[in-house]
Number of protein chains: 2
Amino acid sequence: MSVTAAKGFTAAGIAAGIKENGNPDLALVVNNGPRLAAAGVFTSNRVKAAPVVWSEQVLKGGRVSAVILNSGGANACTGPLGFQDTHATAEKVAEALAGHSAGEVAVASTGLIGLRLPMDKLLPGVEQAAAELTDHGGEKAAIAIKTTDSVHKTAQVSGGGTAGPEAGGGWTVGGMAKGAGMLAPGLATMLVVLTTDADVPADALDTALRAATRTTFDRVDSDGCMSTNDTVLLLASGASGIVPDQDDFAEAVRTVCADLARQLIGDAEGASKDIRIEVINAASEDDAVEVGRSIARNNLLKCAIHGEDPNWGRVLSAIGTTSAVFEPDQLNVAINDVWVCKNGSVGEDRDLVDMRYREVRITADLAAGKESAVIWANDLTADYVHENSAYSS
Amino acid sequence: MSVTAAKGFTAAGIAAGIKENGNPDLALVVNNGPRLAAAGVFTSNRVKAAPVVWSEQVLKGGRVSAVILNSGGANACTGPLGFQDTHATAEKVAEALAGHSAGEVAVASTGLIGLRLPMDKLLPGVEQAAAELTDHGGEKAAIAIKTTDSVHKTAQVSGGGTAGPEAGGGWTVGGMAKGAGMLAPGLATMLVVLTTDADVPADALDTALRAATRTTFDRVDSDGCMSTNDTVLLLASGASGIVPDQDDFAEAVRTVCADLARQLIGDAEGASKDIRIEVINAASEDDAVEVGRSIARNNLLKCAIHGEDPNWGRVLSAIGTTSAVFEPDQLNVAINDVWVCKNGSVGEDRDLVDMRYREVRITADLAAGKESAVIWANDLTADYVHENSAYSS
């Protein structure tokens, strides 16, 4: 499962002692080839963690032989010494794996911003992880990258179902993700590693990955806060020996990304509701996304959803702050399919809205065109406040 | 005090029965002249309440003889019938006051979006309020416009201190404000009425009011949510007979606005901290405001401040989402004057930061120029979630 579902990959997850509570905190994913193609998408935050700066450079070569990921510290805002720590980690991985080059080792970190990593624990951990690599280590790796995640997140899709190469099958895309806070577009998650045994060159991986993240991780907005460490990597081993149809492959990557993105929203810090916001009949996709994000980030609405209150007035006040094409007196809003707002005014009886379940659907009809977009968000709860105020994270 | 501190104004505040709990809910402010000059600034939300649409039209004439304000219902998203209710209210005021024209009566409403006002209670209330007008009714009016406000807000400044006309004094600017949620720029409050007995024409009132709101109400960002009903009015009676120096007058208006804006932040829903965010050494004032608002709206930081945690990493991650001019490795951040982040990395010991008091000061140094701006915000608390999820508001 996870990053070892695809052939050609080994992984490990261990407790190196980076986290004071002794939980697993170091994951290693190795591409054993024959191909070492890779693509990556990183946070658009201008304050980037050292491992992001490092890995962006690595990915320029289109080859990644291994990914080392730690929880328990973001190594962000740590200055030149923090970058040296990332460099030393990559060098240690190359040394422990023998035959690898540090320039092909991607590094990812997650945890508190502004603290140096305990290298005296991390570097021995790299040796231990390298010694524990197996072709079924994907789940342990997924567990080791958790921070405030309550569950680990994995997903996989096999090309052409269970069919063999003749039917276009025989290859797999699998992946793992972590992220429970600081979830907001550009990119919308913390750390994701996807692997495939399909035989796909780096530029095609890049195309498939960017197309997939644009409509999945980039449209998850749990709390409006963008991370300094977001990293999504896609590694191809070519071990299946199959060159997939590019459209089929892109769809498989998108499916795995959508699955993982949905899991991130379902496990967001303190959340009691997952809110699916669909903006329809927009003049452009950009308009639909702008309106969706504006609704997703409205704290008053997020509180109302928590209280199971179909307060559509807060939806309209959020739409009104955007530059999208619409006329206020033509807006329609449905909550769980009840059109509580019609033509910018009172619609169907709000008492018809049943909000007892975790998933809440908001549909905003801009009546201005034919484009649409879906944004996922969470409600705002006292538990979110508690998780993010009771201790540094 | 309040709107009756300046000569030439009478006011009243009564309980008309719009609020089901029987609290005061209708305020009337009348300009008895000799001058009826007025200026207004309204929400930039494109979804505007009926009274905002009405009052914007009234203000185009530069003359306002009376303002009628109700709490207990926003009359927003109520369609053409809601606009008819606003029109009928203005007509009723003109009739009750005799000699007034509905076209010079401004209307303001606050409360839940999407509900029609109970006109059978509101219209008789107008008659009662007109009958109770006095030149000391300002405080009652300020009380009647409260919604979730825990206290009423008033302020006043006298031109040239207590000095008479010879010393440039003898005139007054006073005002009242309400607002405890949906506080965010463009405009940053719900309802404000300012009055002056200085003899100032409408265009000069407009200049002074726009200059004042730009750096006061527009820089208050309690919860990132923009109202559909924001209205700030400035009425001049000229009853002092004094034509003030324009700069002195503008400064008096700005002082009253700043005082009221600070009171709004101090009484924001569920807040336990008032956060003063000062962005310094920015390349432009726009950069400073963009960075300040980004920090002000970061839910993770707002939670950390609530927990008295000087989590400067969340400040940097917020700055990183902006388009302002800066280099990540030159950013400095102080919390309560302790420079916990220097050159984008760890600075002074965060344990030196004392956050026990209600006011918290964050200073973000962009090291990119000489401009600055101050934004006020609040922390995010479980009480905010409770106030905004337990019932519709």
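Convention: sequence-line order gives letters A, B, ...; per-chain numbering from 1. All figures in this text were calculated on a predicted structure; none of them were measured in a lab.
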Contact part of B:Ser294 toward chain A, heavy-atom cut-off under 4.5 Å: side chain, backbone, both or neither? neither

Pick from A:Asp379, A:Thr381, A:Ile319 with the largest number of heavy-atom pairs that fall under 4.5 Å of chain B: A:Thr381

First locate atom CD of A:Glu308, then atom OG of B:Ser389, and finally report the distance between them rounded to the nearest 0.5 Å. 10.0 Å

Looking at B:Ala382 and A:Ala382, what are the two nearest heavy atoms and their distance? CB-CB, 3.6 Å

Turns out that what part of A:Asp329 lies under 4.5 Å from chain B's heavy atoms comes down to neither

Nearest non-hydrogen partners of A:Tyr384 and B:Cys303, listed with the distance: CE2-SG, 3.8 Å

Given that the side chain runs from C-beta out, which part of B:Asn298 has a heavy atom under 4.5 Å from chain A: side chain, backbone, both or neither? both

So which part of A:Leu301 gets closer than 4.5 Å to some heavy atom of chain B, the side chain, the backbone, both or neither? neither

Pairwise side-chain contact, A:Leu112 with B:Asn311, heavy-atom cut-off 4.5 Å (strictly under): yes

Between the main-chain N or O of B:Thr322 and the side-chain N or O of A:Arg46, is there a donor-acceptor pair closer than 3.5 Å? yes

Taking A:Thr321, A:Ile305, A:Leu81 one by one, which has the highest count of heavy-atom pairs under 4.5 Å against chain B? A:Thr321

Nearest-0.5 Å distance that lies between atom SG in A:Cys77 and atom CG in B:Asn343: 12.0 Å

Atom of B:Ile113, atom of A:Ser317 and distance for their closest heavy-atom approach: CD1-CB, 4.3 Å

Please determine, among A:Leu115, A:Val346, A:Leu380, the option with the most heavy-atom pairs under 4.5 Å with chain B. A:Leu380

In Å and rounded to the nearest 0.5 Å, what is the CD to CG distance from B:Glu387 to A:Leu300? 10.5 Å

A:Lys48 side, atom NZ; B:Leu316 side, atom CG - distance, nearest 0.5 Å: 13.5 Å

